Amino acid sequence: MNKRVFLEYFTKIIVLIGTAIIEAVALNEFLIPNNIFSGGFNGVAQLSSWAAETLLNVHISTGIFILTLNVPIALIGWLKIGPQFTVFSFINSFLTSILTLILPISQVANNSLLASLFGGVLVGAGSGLTFKYGFSTGGMDIVAMVVQKTTGKSIGNITMSINMVIVAIAGLNIGWNNALYTIIGIYATSRVIDTIHTRHQKLTAFIVTDMAEEVIRALHAELIRGITIMPSQGAYTRQESKTLMMVISRYELYQMEHIVKEIDHDAFINLVNTVNLSGNFWDEDAQQQIRKNVQVNGIKR
């Protein structure tokens, strides 16, 4: 295992542990004590725990339901998304469920509005960070990820649409006051997710460089993106150069900048938000298939 791969997995493990702690704190310190429900399967787990205690007079921790509900979803993720994504996601949900059992439930915020906002922000931060690093918090996140990979739509908006069912159940069984606070928390979660996880956002990069061929080779070795070469000239120095134009996802921004600066430290990079695209813009599944074809058939990119 080379250094780069080791650092990648080490970072994922740190994020996995950190986001599990964030999720557990959000549930036990903000949401559960105030009868405010989280989105996704965490919210379903909260409702299930409330129903068991209210209707059956049996106390079953939310953590137990989180773990139980995530088992069938993990199988879907394994089939539709891939083993690595699913394994990390399931470990994250498992660790979250354990931490919710260990951490004491205490009412940090007595104000329901503050509890819903801070709980929602923490849940969104946990989910957004896991998405950013290539896995999820499990449960509804896996369902949303399958839809996002299929349609390219915002994960936050997809999750928010699904969560309306949880709000309706909470309103009918516990009270619409709590349901309204739940909506506030879910909205905060969706906004934070879309702020952190920006893979669906597109950017157009204009790269002015004197080492165009070397930069192109390096970019094509890592990113499967089309690059347009445009002749250019500095107005002050009259020095000839090349301007490379390419469209990338915001998630690929760091990688692109790192590659370019590694080849040409003096390269000038201008980034423009891309509003709409028409044509081929390969998602991760398509890129993975292209890489397999290159390896098997020796096709040049």
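All figures in this text were calculated on a predicted structure; none of them were measured in a lab.
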Worksheet item: About how many Å separate CG of L113 and CG of N111, when rounded to the nearest 0.5 Å?
Response: 5.5 Å
Worksheet item: What pair of heavy atoms forms the shortest contact from P33 to N28, and how long is it?
Response: CG-O, 3.2 Å
Discussion item. Would you say I269 ends up clustered with V272 if hydrophobic residues are merged whenever their side chains have heavy atoms under 4.5 Å apart, either directly or through other cluster members?
Written reply: no
Worksheet item: So, for L122 and F30, which heavy atoms are closest and what is the spacing to 0.1 Å?
Response: CD1-CE1, 3.7 Å
Discussion item. For the residue pair Q239 / D210, report whether a side-chain donor-acceptor contact shorter than 3.5 Å exists.
Written reply: yes
Worksheet item: More than 12 non-hydrogen atoms from neighbouring residues, nucleotides or ligands closer than 6.0 Å to CZ on F118, yes or no?
Response: no
Discussion item. As a quick check of understanding, evaluate side-chain contact (heavy atoms from CB on, under 4.5 Å) for I229 and I216, giving each step before the final call.
Written reply: CA-CA 9 Å; I229 305 173; I216 290 170; 3.5 Å; yes
Item to complete: Could you tell me which non-hydrogen atom of V215 sits nearest to which non-hydrogen atom of I263, and how far apart they are?
Response: CG2-CG2, 3.8 Å
Discussion item. If we ignore hydrogens and angles and just use 3.5 Å, is the side chain of T11 paired with the main-chain N or O of L7 as donor and acceptor?
Written reply: yes
Worksheet item: Are there more than 12 heavy atoms of other residues, nucleotides or ligands under 6.0 Å from atom NZ of K242?
Response: no
Worksheet item: Can you find a pair of side-chain heavy atoms, one from L203 and one from M256, that are under 4.5 Å apart?
Response: no
Worksheet item: About how many Å separate OG of S48 and CD1 of I60, when rounded to the nearest 0.5 Å?
Response: 9.0 Å
Item to complete: Kindly give the heavy-atom pair with the smallest separation between I193 and G128, and that separation in Å.
Response: CG1-N, 4.1 Å
Worksheet entry | Single-linkage hydrophobic cluster L99~V108, side-chain heavy atoms < 4.5 angstrom | yes
Practice prompt. Drop me the distance from N35's CG to Q46's CD, to the nearest 0.5 angstrom.
Written response: 9.0 Å
Worksheet item: Between T182 and V167, is there a donor-acceptor pair closer than 3.5 Å when you use the side chain of the first and the backbone of the second?
Response: no
Fill in: For A74 against F90, the heavy-atom pair lying closest together
CB-CD1, 3.9 Å
Worksheet item: Only one of L244, D264, T243 forms a side-chain contact (heavy atoms from CB on, under 4.5 Å) with V208, so which one is it?
Response: T243
Worksheet item: Is it the case that one hydrophobic cluster holds both M245 and F268, taking links as side-chain heavy atoms less than 4.5 Å apart, direct or via other members?
Response: no
Discussion item. E23 and side-chain hydrogen bond (donor to acceptor under 3.5 Å, both in side chains): which single residue from N42, T130, T96 fits?
Written reply: N42
Fill in: Hydrophobic cluster membership, L129 vs V87, 4.5 Å side-chain cutoff
yes
Worksheet item: Under 3.5 Å, side chain of N34 to main-chain N/O of A109, donor-acceptor pair present?
Response: yes
Worksheet item: Can you get from I105 to L27 by hopping between Ile, Leu, Val, Met, Phe, Trp and Tyr side chains that sit under 4.5 Å apart?
Response: yes
Worksheet item: CG of L16 to OH of Y133: how many Å apart, nearest 0.5 Å?
Response: 13.0 Å
Practice prompt. Before giving the answer on side-chain contact (heavy atoms from CB on, under 4.5 Å), spell out for L219 and R225 the whole-Å C-alpha distance, their side-chain angles and the decisive distance to 0.1 Å.
Written response: CA-CA 8 Å; L219 287 171; R225 295 293 177 214; over 6 Å; no
Worksheet entry | Least distance between heavy atoms, A267 atom then V260 atom | CB-CG1, 3.6 Å
Practice prompt. Using modelled atom types only, decide if a donor and an acceptor are shared between the side chain of S97 and the backbone of F94 within a distance under 3.5 Å.
Written response: yes
Worksheet item: Under the 3.5 angstrom rule, does the side chain of T19 hit a backbone N or O of G126 as a donor-acceptor pair?
Response: no
Worksheet item: CG of L95 to CD1 of I17: how many Å apart, nearest 0.5 Å?
Response: 7.0 Å
Worksheet entry | Euclidean distance, I32 CD1 relative to F37 CZ, rounded to 0.5 Å | 9.0 Å
